[in-house]
There are 2 protein chains.
Amino acid sequence: MGITTRSLYGLRLVVYLMKKGGSATVKEVAENEGVPYRYMERIVQDMRKAEILSSRRGRGGGITLVNPEKITLKKIIQALDGKLVDLPCFPEDSSDCSRLIDCDARKIWLKLIEGIEDFCGSININNIIRRKYG
Amino acid sequence: MGITTRSLYGLRLVVYLMKKGGSATVKEVAENEGVPYRYMERIVQDMRKAEILSSRRGRGGGITLVNPEKITLKKIIQALDGKLVDLPCFPEDSSDCSRLIDCDARKIWLKLIEGIEDFCGSININNIIRRKYG
DNA sequence: TATAATTATACTAATTTGGTATGATTAAAA
DNA sequence: TTTTAATCATACCAAATTAGTATAATTATA
């Protein structure tokens, strides 16, 4: 289970903006966080689509966190990697994998996924940065 | 965070052997679990090195779980994928990533990893199969 | 009108994953 | 003692994913 650089950089972006307590340009964040600018641009776009942040175009524009106090690790990873955990045994599509019905192995994986989703959903970035918890 | 087919098949192997309650040949397991034989052979080798199972060569040989009651999801994934969760920000090597000292983002990732490791370590396959818990 | 920003999309390179292939080794049975 | 049935050790390859670049369009301000 690998953490991608997309999520890695996405979290850095969120932390950066929270600490700054306002807006910034993508360029500023990329430079300060050591992330390739073009790459960061694309990460920002996905986060905007997921409504983690909003943006303003044109000179003087930039990005702002939408609801800082509600951003969890789960949201960031889902926005950038699509799924939090990807189980490659052909889930909802059914048709494939004849073993699916009453597959004990699969039940164990689903248990794992549920646990990870709950846990990631409970990791509130703002609370951690503000030292409210943990 | 993707689950690999190696871990997927490794867990199937463990469940198969537990239900059978004894030994089997790699070929038997591969056929019954719908896994390519040569691939399963390599998975078995890594699990043997991790002492999840033992093997006997030659005609009449096969594989057996070593301590079925102690096998967790953590052990299986670590044996087959190396790390449970891989954080690509150059950890123990230090030298790389000048941001490392007091990096809040990294602390959050380490918190996640710790949580996942604890959780996976608590998922005991035998207990689940025997319906002792869960 | 120039400039500084985001947006959209296409492309490419590197790495990882998933799987094959080949041959050696071991041990039991014929 | 030879055949057969099993694991063991490596090397190889192809497909998919990930990481990152490139280009041009759009938007808004100065």
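Residue numbering restarts at 1 for every chain, and letters A, B, ... go by the order of the sequence lines.
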Separation of [N] [atom2] from [X] [atom1] (nearest whole Å):
| X | N | atom1 | atom2 | value |
| --- | --- | --- | --- | --- |
| Ile43(A) | dT21(D) | CD1 | P | 11 Å |
| Met1(A) | dT17(C) | CE | P | 12 Å |
| Glu31(A) | dA5(C) | CD | P | 10 Å |
| Arg56(A) | dT7(C) | CZ | P | 12 Å |
| Asp46(A) | dT7(C) | CG | C1' | 12 Å |
| Met40(A) | dA5(C) | CE | C1' | 16 Å |
| Asp86(A) | dT17(D) | CG | P | 8 Å |
| Lys27(B) | dT4(D) | NZ | P | 14 Å |

- [ ] Flag the pair Leu53(A) / Leu13(A) as yes when at least one side-chain heavy-atom distance between them is below 4.5 Å, and no otherwise.
- [x] yes
- [ ] Assess whether atom NZ of Lys20(B) is packed by more than 12 heavy atoms of other residues, nucleotides or ligands within 6.0 Å.
- [x] yes
Task: Flag if over 12 foreign heavy atoms under 6.0 Å of CD, Glu51(A) - done: no
Open item on the list: Which residues in residues 72-81 of chain B have a heavy atom closer than 4.0 Å to any atom of DNA chain C?
Closed with: none
TODO: Calculate, to the nearest 0.5 Å, the distance between atoms SG and CD1 belonging to Cys120(A) and Ile116(B) respectively.
DONE: 5.5 Å
Task: Euclidean distance, Arg59(A) CZ relative to Thr25(A) OG1, rounded to 0.5 Å - done: 13.0 Å
- [ ] Look at the side chain of Thr25(B) and decide which nucleotide, out of dA6(D), dA28(D), dA28(C), has an atom nearest to it.
- [x] dA6(D)
Task: Minimum-distance nucleotide to Arg59(B) side chain [options: dA28(C), dA19(D), dG19(C)] - done: dA28(C)
Open item on the list: I'd like to know if the side chain of Tyr37(B) pairs up with that of Glu31(B) as donor and acceptor (distance under 3.5 Å, no hydrogens or angles considered).
Closed with: no
Task: Selection: residues 48-55 of chain A, any non-hydrogen atom under 4.0 Å of DNA chain D - done: none
Is it the case that the side chain of [X] and the backbone of [Y] share a donor-acceptor pair, with hydrogens and angles ignored and the cut-off at 3.5 Å?
| X | Y | answer |
| --- | --- | --- |
| Ser7(B) | Thr4(B) | no |
| Asn67(B) | Lys70(B) | no |
| Thr72(A) | Lys75(A) | yes |

Listing time: all N or O pairs from protein to nucleotides 20-22 of chain C that are below 3.5 Å?
residue: dT20(C); atom: O4; partner: Arg42(B); partner atom: NH1; Å: 2.7

Open item on the list: Pick the closest DNA chain C nucleotide for Arg57(B) and for Gly61(A) by heavy atoms, then say which residue is nearer the 5' end.
Closed with: Gly61(A)
Task: Presence of Thr4(B) side-chain N/O under 4.0 Å of dT17(C) phosphate oxygens OP1/OP2 - done: no
Task: Salt-bridge present (Lys83(B), Glu117(B); N to O < 4.0 Å) - done: no
Open item on the list: Does Asp118(B) form a salt bridge (Lys or Arg N to Asp or Glu O under 4.0 Å) with Lys74(B)? I'd like the steps, not just the answer.
Closed with: CA-CA 9 Å; Asp118(B) 286 351; Lys74(B) 183 179 176 183; 5.9 Å; no
Open item on the list: salt bridge (Lys or Arg N to Asp or Glu O under 4.0 Å), that's the test. Do Arg12(B) and Asp104(A) meet it? Break it down for me.
Closed with: CA-CA 8 Å; Arg12(B) 284 193 196 169; Asp104(A) 286 292; over 6 Å; no
